[in-house]
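Worksheet: the structure to be examined is printed underneath.
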Amino acid sequence: MRLKQAFKYQICSSFKAVGIYYSIMIAIRLAMVVIFVLSGNQKTNMSAMESNSMVFMGFLGVYSILDDFKFFLQNGYSRKSLIKLYTCQFLAVGAIISIVEIILAIATSSIMNYSSLFMQLYGSQPLIMQFLWLWGIYCIIGAVALLITIINFRLSKFSRIVIFIALPIALVTLIPAIDHYLLQGVVMSAIFDFVLYFFGLQGSVNLVAPVINFIIVFIIACGLAYVAIRKMPVFK
């Protein structure tokens with residue numbers, strides 16, 4: 001019962017943020033429609049607005065724990081319960097955002113030239129597959145953002161600099177150079193093939209593969225978040 005109450009509280013807070021976010025997004029789309037109508041330019045178009053929602057889910061994953069972690073612990077919730085809470089939150093908010101994005105994409109494309117990110121990658125597909133794809137990727141982004149935030153608070157300042165700044169810079173700088181000059185592009189080719197496989201774009205389009213991959217990654221991210229949060233310090 002206590003977890004149910006916490007879920008209601010968390011969902012209400014999340015939906016307020018979703019409402020503000022989509023008020024801004026709809027205002028932007030309406031402004032673009034007005035510009036499109038006034039200009040009379042048939043080439044005016046928009047695309048991939050779902051990418052903004054991906055950023056939103058990332059912020060949701062970060063601020064969910066920043067805002068409420070200490071509050072829930074002080075009120076007797078265990079860390080295991082909090083992972084269940086955040087998992088349910090990502091599933092619920094991700095589903096709502098996915099439905100809204102599909103509706104907005106259909107409405108926008110009926111007025112002006114609009115191509116969603118999903119359509120650019122996979123072309124015309126059943127709406128249920130589009131929903132599952134969006135739902136999966138939104139949930140992954142929220143869970144991974146949560147995991148990174150937890151890890152960040154468990155690290156020392158020096159470790160944060162090494163892991164989140166120095167290491168990514170080194171990888172981005174050195175791996176392409178080593179791959180190009182020493183390995184004849186084998187690494188980048190393998191990465192590219194993996195990305196195509198992960199998103200179901202290797203050869204013919206396969207939407208079942210990315211949905212399954214999203215589920216696996218989401219479960220792994222939530223599991224690692226649970227392991228990491230067990231000794232996470234209570235921050236001010």
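Side chains included, hydrogens not; waters and symmetry mates left out as well; all remaining heavy atoms used.
- Counting all heavy atoms, side chain and backbone alike, Pro210 lies closest to Tyr122 at CG-OH, 4.0 Å.
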Between Met25 and Val100, does a side chain to side chain contact (heavy atoms under 4.5 Å, CB included) hold up when you go through it step by step?
-> CA-CA 11 Å; Met25 289 297 102; Val100 174; over 6 Å; no

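- In terms of heavy atoms, Ser116 sits closest to Gln130 at OG-NE2, 4.2 Å.
- Considering CD1 of Ile83 and CG of Leu147, their distance stands at 9.0 Å, rounded to 0.5 Å.
- Side-chain contact of Tyr63 with Thr149: a donor-acceptor pair under 3.5 Å is absent, judged by distance alone.
- When all heavy atoms of Tyr86 and Gln10 are compared, the closest pair comes out as CE2-NE2, 3.5 Å.
- Side chains of Ile96 and Phe15 form a contact here, defined as non-hydrogen atoms less than 4.5 Å apart.
- Residues Phe56 and Val18 have side chains in contact (heavy-atom distance under 4.5 Å, counting atoms from C-beta outward).
- In this structure, CG on Leu207 lies 4.5 Å from CE on Met129, to the nearest 0.5 angstrom.
- The CD1 atom of Ile128 sits 8.0 Å away from the CD1 atom of Ile102 when rounded to the nearest 0.5 Å.
- Under a hydrophobic clustering in which Ile, Leu, Val, Met, Phe, Trp and Tyr are joined whenever their side-chain heavy atoms come within less than 4.5 Å, directly or via other members, Phe131 and Ile215 fall into the same cluster.
- Residues Gln89 and Ser14 have side chains in contact (heavy-atom distance under 4.5 Å, counting atoms from C-beta outward).
- You'll find the side chain of Tyr226 stays beyond 4.5 Å of the side chain of Leu82, heavy atoms only.
- Residues Met119 and Leu117 do not share a hydrophobic cluster, clusters being chains of Ile/Leu/Val/Met/Phe/Trp/Tyr side chains in contact below 4.5 Å.
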Could you go step by step and tell me if Glu101 and Tyr22 meet the side chain to side chain contact (heavy atoms under 4.5 Å, CB included) rule?
-> CA-CA 10 Å; Glu101 283 295 340; Tyr22 273 111; 2.9 Å; yes

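- The two residues Ile150 and Ala225 have their closest heavy-atom pair at CD1-O, 3.8 Å.
- With hydrophobic clusters built from ILVMFWY side chains whose heavy atoms lie under 4.5 angstrom apart, Leu174 does not share a cluster with Ile161.
- The nearest pair of heavy atoms linking Tyr138 to Gly94 is CD1-O, 3.9 Å.
- The closest donor-acceptor contact from the side chain of Asn213 to the backbone of Ala209 lies under 3.5 Å.
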Test Phe214 against Cys139 for side chain to side chain contact (heavy atoms under 4.5 Å, CB included), laying out the working first.
-> CA-CA 8 Å; Phe214 292 163; Cys139 289; over 6 Å; no

Evaluation steps, side chain to side chain contact (heavy atoms under 4.5 Å, CB included), between Leu91 and Trp135 = CA-CA 8 Å; Leu91 290 171; Trp135 189 21; 4.1 Å; yes

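- Contact check for Trp133 versus Phe199: side-chain heavy atoms found under the 4.5 Å cut-off.
- The CG atom of Leu60 sits 11.5 Å away from atom OG of Ser53, with the distance rounded to the nearest 0.5 Å.
- Between atom CG of residue Leu201 and atom CG of residue Asp193 there is a gap of 12.0 Å, rounded to the nearest 0.5 Å.
- Atom SG in Cys222 sits 11.0 Å away from atom CD1 in Ile229 (nearest 0.5 Å).
- Residues Ile28 and Leu104 fall within the same hydrophobic cluster, defined by Ile, Leu, Val, Met, Phe, Trp and Tyr side chains chained together at heavy-atom separations under 4.5 Å.
- The number of heavy atoms from other shown groups lying within 6.0 Å of CZ (Phe198) is above 12.
- Thr108 contributes no side-chain N or O that, together with a main-chain N or O of Ala105, makes up a donor-acceptor pair within less than 3.5 Å.
- Across all non-hydrogen atoms, the minimal contact from Glu50 to Phe118 is OE2-N, 3.4 Å.
- The 12-atom threshold is not exceeded at CZ of Phe59, counting heavy atoms of other residues, nucleotides or ligands nearer than 6.0 Å.
- Grouping the Ile, Leu, Val, Met, Phe, Trp and Tyr side chains by contacts below 4.5 angstrom, directly or via other members, places Val217 apart from Tyr197.
- With a 4.5 Å cut-off on side-chain heavy atoms, Val62 and Leu146 do not count as touching.
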